[in-house]
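Heads up: the structure comes next, in structure tokens.
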Amino acid sequence: MRARFAPSPTGFLHIGNARTALFNWLAVRNAGGEFIVRSDDTDTARSTAEFAQDILDGLRWLGLDWDEGVEVGGPHGSYRQSDRFDRYREVAESLTAAGTAYPCFCKAEELDERRKKARDEGKPPGYDGRCRTIDSDEAATRVAAGESASLRLAVPRPGATTFRDVVREDMSFDNETIDDFVILRSDGSPTYHLASSVDDIDYGITHVIRGEDLLSSTPKHILIAQGMGAESPTYVHLSLLMGPDGSKLSKRHGDTSLHAYRNAGFVADAVVNYLSLLGWSPGGDDDIISRDDAVARFSLDDVLKNPAVFDPQKLEWMNGAYIRAMDPEGFAASLQPLVEADLERPLEVAEMAALTQLAPLVQERTKLLTEVAPQVRFLFGDLVYDDKSWNKVMTTPEARSALGGAAAALSDVEDWSAPAIEEALRAMLGSLELSARKGLQPIRVAVTGSSVSPPLFESLEGLGREQSLERIRVASERIG
RNA sequence: GCCCCCAUCGUCCAGCGGUCCAGGACUCCGCUCUUUCAAGGCGGCAACAGGGGUUCGAAUCCCCUUGGGGGCACCA
């Protein structure tokens, strides 16, 4: 099996395209074949190096490694279509020589006009085929004279183009519904249809796994392959990803670029897992499935036909599950840069130790990596009180005595550790006859600034005795 | 307008003619655990789009309707 992911670098890697890449990768890895990444950059005007880089970065981040293609090379040259225009021209010319394609002298503006008119009249907007009837010798003469012409494929009529799609089964398109499409523009550049079809054949692609939006273009690709006397690959058209409103997932549903999710604090494994569940199911009751399991169980035969709505909430839940499953050291390590970015300074050794100590407790309550920094900020920066928390907790009659009791109790703790701190504070609660809630919440707000924080005793331990007492003192004064 | 695709809880999936008054997950709502918030445990709400067939028997097969989606460029 040889499958390919062939994005056009005319935009950032879209989450939907990432899923297409993933399904290609899963199918190939399951079959033990080769995964190829190609750059379909025939649209030189819209393609940029930045987009190309974003796409490759995204694939690498997801861990979708490729065996051949852009940046890794392989036996087929550059894997960038912009480097292969000569090859496409060669094919286009041979198709023309064989009478399978013909020159079209219509101007773009005329075409636009005619298309608009046809639409208004309720007719099919495709090319009407008028240059097809021009005598081939005459056409050749005009081309030789330098008249500007594109090349169109002469779609056989009457007739039908049929193929068997792995997920859609038998497909048949009446050739009358396929217009004579352009394969080579008048500037000599190839269109997507030509370049993609030629490459799939030249590279020995066995399975074209792509979005359903290309389903109705497939007959065109098959016709080109036929013109080349080659066998077409097997086609697998994946249903599209939908937004919450049921239309194709796009910018209007928010930022759908993969890197947006990465920046938002999602982890790659969770994204891979979640995406794999859109249009496929590993079977069984558990939605959390390891990458290896997914590879082992994946089959194109099990891919669903119906479109799937992308649900960010479930992705978030899954991300939390993956974060909780990380090993604590790895979690702490991935936190460091985020916390440092938040503080806008590097962490000192002692601070890193405090972070590492608290990390496992933060880990349990984190859905997105990016929400960690605010949770642990109290350990490092200047304390900022959350007004709502303060008003809710510090205005109770018990707050003052709880803080006073805590100051005394914590001063006497010999071994500054969470268990010893807990013991001392519980004794304080007992002697003051305060409930845990009434007695501990003021301490939490005093020390972390918020009524919501990581577990209190560990937080105190991480902060250190001196800082803790100082904050309790400041809070007591602030109560007045 | 024409061509094509799709149709099980709000969402993602299981179901591939009887074991389904339909199962799991997310969300939501209770309860529980608890120093807060989470996480966890327990429980709950919630679906076979409609109509015809086929069959002893249909969520499962066929047809129609309806609804949704995609495509119809010298973009990809």
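Remember, it's a predicted structure, so these values are computed and weren't measured experimentally. Here is the naming used below: chain letters follow the sequence lines, and residue numbers restart at 1 for every chain.
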Tell me what [X] touches on the nucleic acid: a base, only sugar-phosphate, or nothing, going by heavy atoms under 4.0 Å.
X      : result
A/S8   : sugar-phosphate
A/I443 : nothing
A/H193 : base

Output the rounded distance in Å from [atom1] ([X]) to [atom2] ([N]).
X      : N     : atom1 : atom2 : value
A/K116 : B/G1  : NZ    : P     : 18 Å
A/R114 : B/C74 : CZ    : P     : 10 Å
A/E113 : B/A73 : CD    : P     : 16 Å
A/N319 : B/A25 : CG    : C1'   : 16 Å
A/R89  : B/C74 : CZ    : C1'   : 14 Å
A/D112 : B/C72 : CG    : P     : 14 Å
A/D245 : B/G69 : CG    : P     : 8 Å
A/L111 : B/C72 : CG    : C1'   : 14 Å

Checklist entry - What one-letter contact string describes nucleotides 3-15 of chain B from 5' to 3', where B marks a base within less than 4.0 Å of any protein heavy atom, S marks contact via sugar-phosphate atoms alone, and - marks no contact? => result SSSSSS--SBSS-
Next on the checklist: Base contacts versus sugar-phosphate-only contacts with protein, heavy atoms under 4.0 Å: please encode nucleotides 33-49 of chain B as B, S and - from 5' to 3'.
Outcome noted: --BBBBSS---------
By salt bridge (charged side-chain N to carboxylate O under 4.0 Å, His left out), which residues pair with [X], not counting sequence neighbours?
X      : answer
A/K388 : none
A/D269 : A/R291
A/E422 : A/R426

Roughly how many Å apart are [M] and [N], using the [atom1] atom of each and rounding to a whole number?
N     : M     : atom1 : value
B/C29 : B/U65 : P     : 43 Å
B/U8  : B/C13 : C1'   : 10 Å
B/A59 : B/A39 : P     : 38 Å
B/C6  : B/A14 : P     : 15 Å
B/A7  : B/U19 : P     : 22 Å
B/C20 : B/A58 : P     : 16 Å
B/C3  : B/A47 : C1'   : 32 Å
B/G67 : B/G51 : C1'   : 14 Å

Under 3.5 Å, which donor-acceptor pairs link side chains of residues 103-113 of chain A to any protein atom two or more places apart or in another chain?
{"residue": "A/K107", "atom": "NZ", "partner": "A/F105", "partner atom": "O", "Å": "3.4"}
{"residue": "A/E110", "atom": "OE1", "partner": "A/K107", "partner atom": "N", "Å": "3.4"}
{"residue": "A/D112", "atom": "OD1", "partner": "A/R115", "partner atom": "NH2", "Å": "2.6"}

Item to check | Ring centres under 6.0 angstrom apart (A/F266, A/Y322) | outcome: no
Whom does [N] pair with, Watson-Crick or G-U wobble, provided both distances fall under 3.5 Å?
N     : answer
B/G67 : B/C6
B/G1  : B/C72
B/G40 : B/U32

Item to check | Under-4.0 Å side-chain N/O to phosphate OP1/OP2 contact, A/R115 with B/C74 | outcome: yes
Checklist entry - Can any side-chain N or O of A/T218 pair as donor or acceptor with the backbone N or O of A/L214 at less than 3.5 Å? => result yes
Item to check | Strand-adjacent residues in residues 37-47 of chain A, judged by heavy atoms under 4.0 Å from RNA chain B | outcome: A/D40, A/T42, A/D43, A/R46
All ring-ring contact (aromatic ring centres under 6.0 Å, His included) counterparts of [X], not counting sequence neighbours:
X      : value
A/F181 : A/H193
A/F51  : A/F12
A/W317 : none
A/F5   : none

Checklist entry - Going by an N to O cut-off under 4.0 Å, is there a salt bridge joining A/D200 and A/R38? => result yes
Next on the checklist: For A/R4, is there an ion pair with A/D40 - N to carboxylate O distance below 4.0 angstrom?
Outcome noted: no
Checklist entry - Taking for each residue the nucleotide of RNA chain B bearing the nearest heavy atom, is the 5' side occupied by A/K248 or by A/R152? => result A/K248
Checklist entry - Which salt bridge (Lys or Arg N to Asp or Glu O under 4.0 Å) pairs, counting each pair once, include a residue from residues 311-326 of chain A, with sequence neighbours left out? => result A/D287-A/K314
